Amino acid sequence: MPELIPILKRDEIAIKVAAMAKAISRDYKGRRLVLIGVLKGAFIFLSDLARHLELDDVKIDFLRAASYGEGTRSSENIHLIKDIDTDIRDKDVLIVEDILDTGLTMAFLIEHLKAHSPKSIRTCAFIDKPERRKIPIEADYVGHRVKEGFLVGYGLDFAEDYRNLPDIYHLKID
Ligand code: IMP
Ligand code: MG
């Protein structure tokens with residue numbers, strides 16, 4: 001049986017999300033921001049983050065990239081399953097990810113969105129896990145950094161399970 005070891009409780013998550021929203025609100029004051037959530041993992045984080053933003057012009061869209069299969073190993077073969085339908089030309093875009101791991105997904109998404117000619121693109125990841133990074137990329141906004149391990153909860157899944165958990169856990173599989 002997989003073992004779940006708590007690493008971040010919901011109240012700690014809430015404090016970190018609020019701090020990220022504060023920084024984003026400060027940086028994008030007076031600008032037109034489009035949040036682009038990366039499905040499925042970012043759905044809870046994005047909904048929390050969006051409600052904390054103190055900005056007048058915020059739009060929200062989603063895309064979906066296939067990266068992980070049914071396991072914990074990263075696939076090099078990133079491709080888009082669902083694209084955005086918002087016009088992001090000349091808009092400020094913030095990609096909202098659950099977790100930045102190898103960086104392959106984020107690098108792919110940045111290249112993909114650049115083709116839509118936005119004014120700017122920045123990135124935001126609730127969890128940064130630099131251990132397995134394959135592409136030298138850092139998120140502009142990070143909620144929490146972990147050294148290693150496979151995490152579940154708060155949107156993060158293992159084979160589609162555990163996304164609904166309000167806290168974040170380290171999943172240990174023997
Ligand atoms: P990357 O392309 O390796 O950076 O992977 C990014 C995607 O892999 C994330 O959006 C997650 O969906 C998934 N992922 C990476 N690490 C974890 C983890 O520890 N738990 C759950 N999903 C993960
Ligand atoms: Mg995922």
Side-chain angles (χ1 to χ4, degrees), residues 1-10 12-14 16-17 20-21 24 34-50 60-84 86 88 93-116 121-174:
M1 272 297 278
E3 194 186 340
L4 294 180
I5 300 154
I7 66 150
L8 214 53
K9 293 267 181 222
R10 64 203 79 182
E12 299 169 286
I13 293 173
K16 288 170 187 284
V17 172
M20 294 174 89
I24 293 165
V34 185
L35 300 177
I36 300 185
V38 184
L39 294 171
K40 300 175 188 174
F43 82 109
I44 296 181
F45 170 48
L46 185 139
S47 66
D48 283 346
L49 185 75
I60 296 175
D61 206 340
F62 294 92
L63 47 64
R64 179 151 192 222
S67 53
Y68 276 46
E70 293 288 297
T72 58
R73 282 200 44 211
S74 175
S75 155
E76 313 257 355
N77 183 22
I78 316 284
H79 56 283
L80 217 58
I81 293 180
K82 183 216 172 294
D83 202 353
I84 53 167
T86 305
I88 59 167
V93 164
L94 183 62
I95 303 175
V96 181
E97 256 282 35
D98 52 358
I99 185 164
L100 184 59
D101 184 18
T102 64
L104 290 166
T105 306
M106 198 65 104
F108 171 86
L109 293 177
I110 291 170
E111 282 316 304
H112 170 69
L113 292 172
K114 269 186 185 166
H116 292 258
I121 302 183
R122 278 193 194 161
T123 58
C124 168
F126 185 65
I127 304 277
D128 179 25
K129 196 169 67 173
E131 185 199 22
R132 303 197 311 155
R133 198 81 93 240
K134 288 187 182 159
I135 292 185
I137 185 170
E138 296 301 327
D140 296 293
Y141 305 92
V142 170
H144 185 71
R145 198 160 276 123
V146 294
K147 256 191 80 189
E148 59 194 359
F150 194 82
L151 309 185
V152 295
Y154 198 63
L156 292 160
D157 74 304
F158 173 65
E160 296 300 328
D161 284 325
Y162 310 114
R163 289 197 199 276
N164 62 306
L165 301 179
D167 303 329
I168 295 178
Y169 299 85
H170 181 176
L171 183 77
K172 277 189 95 172
I173 311 154
D174 304 311

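Remember, it's 1-based here, ligands and their atoms both numbered in the order they're listed. Everything quoted here is computed from the prediction, not taken from an experiment.
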Hey, does [Y] have a side-chain heavy atom less than 4.5 Å from the side chain of [X]?
| X | Y | answer |
| --- | --- | --- |
| Ile24 | Leu49 | yes |
| Tyr169 | Pro2 | no |
| Leu171 | Phe150 | yes |

Hey, does the side chain of [X] reach the backbone of [Y] with a donor-acceptor pair shorter than 3.5 angstrom?
| X | Y | value |
| --- | --- | --- |
| Arg163 | Tyr154 | no |
| Asp140 | Thr123 | yes |
| Thr102 | Arg132 | no |
| Asp61 | Thr86 | yes |
| Lys82 | Phe62 | yes |

Under-4.0 Å heavy-atom contact with ligand 1, by part of Val152 that carries it: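 For Val152, there is no contact with ligand 1 at all, from either part.
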
Hey, is Asp101 touching ligand 1 through its side chain, its backbone, both or neither, going by heavy atoms under 4.0 Å?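 Both the backbone and the side chain of Asp101 come within reach of ligand 1.
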
Under 4.0 Å from any heavy atom of [X], which atoms of ligand 1 are there?
| X | result |
| --- | --- |
| Thr105 | 1 (P), 2 (O), 5 (O), 6 (C) |
| Leu156 | 21 (C), 22 (N) |
| Gly103 | 1 (P), 3 (O), 4 (O) |
| Asp98 | 9 (C), 10 (O), 11 (C), 12 (O) |

Given Glu131, Lys129, Arg132, Lys134, identify the one with the heavy atom nearest to atom 16 (N) of ligand 1.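 Among Glu131, Lys129, Arg132, Lys134, the closest heavy atom to atom 16 (N) of ligand 1 comes from Lys129.
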
Option set Leu39, Leu151, Thr102, Val146, criterion heavy-atom distance to atom 20 (N) of ligand 1, minimum: Leu151

So for [X], does at least one of its heavy atoms come nearer than 4.0 angstrom to any atom of ligand 1?
| X | answer |
| --- | --- |
| Glu97 | yes |
| Ile99 | yes |
| Gly41 | no |

Is it the case that ligand 1 has an N or O less than 3.5 angstrom from some N or O of Met106? no

